[in-house]
Protein chains: 2
Amino acid sequence: MELHKESNISCSSAAENYLIEKMNKIKIFSPATVANVSCGFDVLGFCLDSIGDEMVIRKVDKKGIAITRIEGFDLPFEAELNVAGVSALAMYNSLDLSFGFEIEIYKNIKPGSGIGSSAASAVGSVFGMNELLGRPFSKTQLTEFAIKGEALASKCEHADNLAPALFGGFTLVKSVSPLKILEIPSPDDLYATIIHPQIEIKTSESRAVLPKEVPLSDAIEQWANLGSLVHALHTSDYELISHSLRDVIIEPYRSQLIPYFDNVKEAVLNVGALGAGISGSGPSIFSLSKGLDTANKVKDAMHDVYSKTDIAFDIHVSKINANGVKIIN
Amino acid sequence: MELHKESNISCSSAAENYLIEKMNKIKIFSPATVANVSCGFDVLGFCLDSIGDEMVIRKVDKKGIAITRIEGFDLPFEAELNVAGVSALAMYNSLDLSFGFEIEIYKNIKPGSGIGSSAASAVGSVFGMNELLGRPFSKTQLTEFAIKGEALASKCEHADNLAPALFGGFTLVKSVSPLKILEIPSPDDLYATIIHPQIEIKTSESRAVLPKEVPLSDAIEQWANLGSLVHALHTSDYELISHSLRDVIIEPYRSQLIPYFDNVKEAVLNVGALGAGISGSGPSIFSLSKGLDTANKVKDAMHDVYSKTDIAFDIHVSKINANGVKIIN
C-alpha cells in the first residue's frame, strides 16, 4: 500500500501510545456522518458528534476476526458478511499476525438511515485494531481498508462517509483511486440538525432516479457552489455557506423519495438555518446552522412538520465533530 | 444597484485620494487574464502581470463618453460599438454628471487571443472613471458595468475574465445574477506561462463543440477537482494544485481546435509545470508553475513545440498579479 504523507493517528502522547500497545482491549465511538452535503454530491461529507456506534475490539490468541456480540440491530455475525468484519479482514489479511481480534458491536445508527451507518461499522473495527497494534496505519490507509467494508453494504467503493468518520470535520474525497482525502476546515460555531424519517428507501431506487447525464449549465452551477462552499468553510463565512448549500443536480430527483422534504426545507430556512439537503441518499435530511440556539430551533421546526404526519422520526442536534472516531472509557 | 460589503478600491492613502479627485486625467494598466483554468470552467480566473492594455481616461467638460484614440488594433471609435465604451456608458448613464470622459486605448492584448482582451478594455474604462470620480463604486459594482462591455464582445454576460482583471489574483464567480465574486488566495510563488498561437478560433465554433449535456460521473470528477483546487490554493499546496488542474469536461472537445495542444501539454508537464489547459476559449494555452525558473523552462518547452510548426506565436511568463487593474505613471 502506498505510504501517505499525513502523520499517523495523533491525539495521544508517547506514554498513551505505550499504554495502548500494552492494552489488549479498546472501546471506541464511531460517529455518524453526513455525505453529499448538497452541492458536494459524492465527494463532500461531515462528521457528527451526538450519534454513533460503540465497539469493543479485543486482541485474542486465536487468529482471525471474530464478531462476538452485536446489539441494537440484527446483523450477521460471519465476518465476511458483516461490514465491520470485512474491513477488519482487509486490514488483518494485509498483515501477518500470530494473533487475532474479537469485535463487539453496539449499533446505534440504524442501517439505511442515510447517516453513514455502514461507514461507522467499517471505520470502527479498523480504527480500534490500528490502535491496539500501535498505529501502523495512517488514516488514509485505514480508509482504504474501510472501503472494502463499505462496498459490502453499498455495492460500490466510495469514501464520502468513511472519510469524515475517520478524519472528523468536513472532508472532500478528491479521488478514490488513488485515494486522496482533503480535510476542509470549518467554523467553530457550526451545528447540524438531522431528521431521520423512519421510511425505507431502497438503494436501487435512490440510484435509479439519478440521471446518467446532466445539463452542462447545471453542472457549472453545481461546481460554482462547491468551490464557493469550500472557500466559505475556509473563511468561516456563514452567509456564503448558506448561499452555497444548493444542489441543482441530485436533490430535484431524490427529494421526491422523501415525504415532506420541501416542507422541512422551507420550515428550517424560515427559522434561520443556513441550508438543508438530503443526507447521503436519504431518507435523513440534514440542516446546518450557526450556533446551537438556531440548530435547536431547526429541530423544533423539523418536529413540527413531521409530528403532523403518521411517519415515525427522530432528530439529532450535533456540533460538527472535529475529530472523528475516538477511544472512549 | 445593490451595495456590496467589500470596501471600495483601496491601494491609496487619503492624500492620494484627494489628489486623484483633483486630477482630471489618469493612466491605467488593465491586465490580461486567464479564464476557466481547467476544472474551473465558466467560474474561475486569474490575473496576469506582464501583459495588459494601457488606457488614458480624461475628465472633460463635454458630456458623454468619447473614445479619442486607439492604438495597437483596429477597433471602433463609436462608444456604443466599443467594449470599453459600452462599459463606460453603463457607468456614466447610472450617474447624472455635468461633465464627460474621453478615453484613449493603447491595446496590447490581441482581440480573440483567449487572455481576456475584451475584459481588459471593459474593466479599464470603468476603473479609470471610478478613480477620477473619487471611487464611488465597489469592485463588484464596477464588474456589473464591465459586464455590459464584455457582453458586446462575447454575446453573453459573464465575468470570469472581468473579475480577475478588477480584483487581481484568483477569483471565483459564484453567480452572475446576483453577481457574487470570491477572491481565492493563492501561493506567492505561482507563475503562469501562456502561449498564444496566432490562429483564429471563431467564438461560434468554440461554443458549437461543447456538449449540452455531460455524464454525471464526469461532472462529479470536475467538481471534486474544483473543490480540491480551491482548497489547494487556500493551503498553498502546489502538489494538490497540480493534481486538481484537470478538465474532463471541456478540454477534450475544445483542445481539438488548438493545433499541437497535446504536444504542448505533454512538453510543459515534462519540464515540471503543475498543469496546463486552455486559456478562456483558446487558442491560448496556459500553464502554471511553482517558481520563475520552472515557468521559464515551460516557456522554452512551449517554444520548442511551436517553433517546429508554421504557426506564429508569442509566449508570456507572468507572476500571478495579486492586485489587478492599476494606476500607472
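Quick caveat, the model's predicted, so the values are computed rather than measured. We use all heavy atoms of the structure for the numbers below, so side chains are in, but hydrogens, waters and symmetry mates are not. Proteins get letters first, then strands, A, B, ... in listed order; numbering begins at 1 in each.
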Q | Residue pair A:Trp223 / B:Trp223: nearest heavy atoms and the distance that separates them | A | CB-CB, 3.4 Å

Q | Geometric class of the B:His234/A:His234 ring pair [parallel <30°, tilted 30-60°, perpendicular >60°] | A | parallel

Q | Engaged part of A:Ile250 at the chain B interface, taking heavy atoms whose separation is under 4.5 Å | A | side chain

Q: Kindly compute the distance separating CG (B:Asp42) from CD (A:Glu221), expressed to the nearest 0.5 Å.
A: 11.5 Å

(Q) Less than 4.5 Å apart, side chain to side chain, heavy atoms only: is that true for A:Leu226 and B:Leu226? (A) no

Q) Can you tell which of A:Cys39, A:Gly227, A:Ser217 has the highest number of heavy-atom pairs within less than 4.5 Å of chain B? A) A:Gly227

Q: Taking atom CG of B:Asn270 as the centre, report whether more than 12 heavy atoms of other residues, nucleotides or ligands fall under 6.0 Å from it.
A: yes

(Q) Counting only non-hydrogen atoms closer than 4.5 Å, does B:Lys212 touch chain A with its backbone (N, CA, C, O), its side chain (CB onward), both, or neither? (A) backbone

Q: Measure B:Ile249 against the heavy atoms of chain A and call it side chain, backbone, both or neither at under 4.5 Å.
A: side chain

**Q.** Euclidean distance, B:Leu182 CG relative to A:His243 NE2, rounded to 0.5 Å
**A.** 11.0 Å

Q: Take atom NZ of B:Lys265 as the centre, draw a 6.0 Å sphere, and report whether it contains more than 12 heavy atoms from other residues, nucleotides or ligands.
A: yes

Q) With chain B, which of A:Val43, A:Ile220, A:Thr235, A:Leu233 has the greatest number of heavy-atom pairs at distances under 4.5 Å? A) A:Ile220

Q) In terms of heavy-atom contacts, does NZ of A:Lys174 have more than 12 from other residues, nucleotides or ligands at under 6.0 Å? A) yes

(Q) Could you check whether atom OH of A:Tyr238 has more than 12 heavy atoms from other residues, nucleotides or ligands sitting under 6.0 Å from it? (A) yes

Q. Out of B:Gly40, B:Ser228, B:Ala219, B:Pro185, which one racks up the most heavy-atom pairs below 4.5 Å with chain A?
A. B:Ser228

Q: Mind listing the closest non-hydrogen atom pair of A:Val173 and B:Ala224 along with its distance?
A: O-CB, 4.3 Å

Q.
Is A:Ser175 close to chain B through its backbone or its side chain, or both, or neither, when contacts mean heavy atoms under 4.5 Å?
A. neither

Q. Any side-chain heavy atom of A:His231 sitting closer than 4.5 Å to one from B:Ile184?
A. yes

